[in-house]
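Reading through the structure tokens given below for one structure.
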Amino acid sequence: MEFKRACFLTKIVVLALLIYMATSLLDLRGKILDIQLQRDELAEQVTDQQLENRKLADAIANSDDPEMLERVARDRGYVEQGETLFIDVAN
């Protein structure tokens with residue numbers, strides 16, 4: 001059985017297809033890396049949000065605790081009766 005040698009045009013078509021496939025693979029690799037970075041950022045955001053949710057759930061569970069009520073009042077700028085509040089306006 002004798003094989004015919006590929007003509008010049010066939011070689012050029014095969015070479016063009018190989019170049020196209022290589023550039024497509026490199027483009028897909030870049031897209032994959034971008035998506036992985038986005039995934040990592042979103043995973044970090046999820047972790048931060050879960051921590052915030054745990055803090056809020058703890059605050060809800062301890063909403064009757066006097067120490068929690070005082071801390072929330074202090075965070076909002078409330079003072080106890082008879083207490084003097086000094087505000088630094090120099091900054």
Gap separating the [atom1] atom of [X] from the [atom2] atom of [Y], nearest 0.5 angstrom:
X: Lys55; Y: Ile60; atom1: NZ; atom2: CD1; answer: 14.5 Å
X: Leu42; Y: Glu44; atom1: CG; atom2: CD; answer: 10.0 Å
X: Ile35; Y: Ile32; atom1: CD1; atom2: CD1; answer: 9.5 Å
X: Gln45; Y: Glu52; atom1: CD; atom2: CD; answer: 13.5 Å
X: Leu17; Y: Ile12; atom1: CG; atom2: CD1; answer: 12.0 Å
X: Thr10; Y: Leu15; atom1: OG1; atom2: CG; answer: 12.5 Å

If the threshold is 4.0 Å, N to carboxylate O, is there a salt bridge linking Asp27 and Lys31?
yes

If we count only N and O atoms by modelled type, under 3.5 Å, do the side chains of Gln49 and Asn53 hold a donor and an acceptor together?
yes

If you apply the rule side chain to side chain contact (heavy atoms under 4.5 Å, CB included), what do you find for Met68 with Arg71, and how did you get there?
CA-CA 5 Å; Met68 175 66 89; Arg71 186 174 18 164; 3.5 Å; yes

Ignoring hydrogens, what is the shortest heavy-atom contact between Leu69 and Asp64? Give both atom names and the distance.
CD1-O, 4.4 Å

Within a 6.0 Å radius of atom CD on Glu83, are there more than 12 heavy atoms belonging to other residues, nucleotides or ligands?
yes

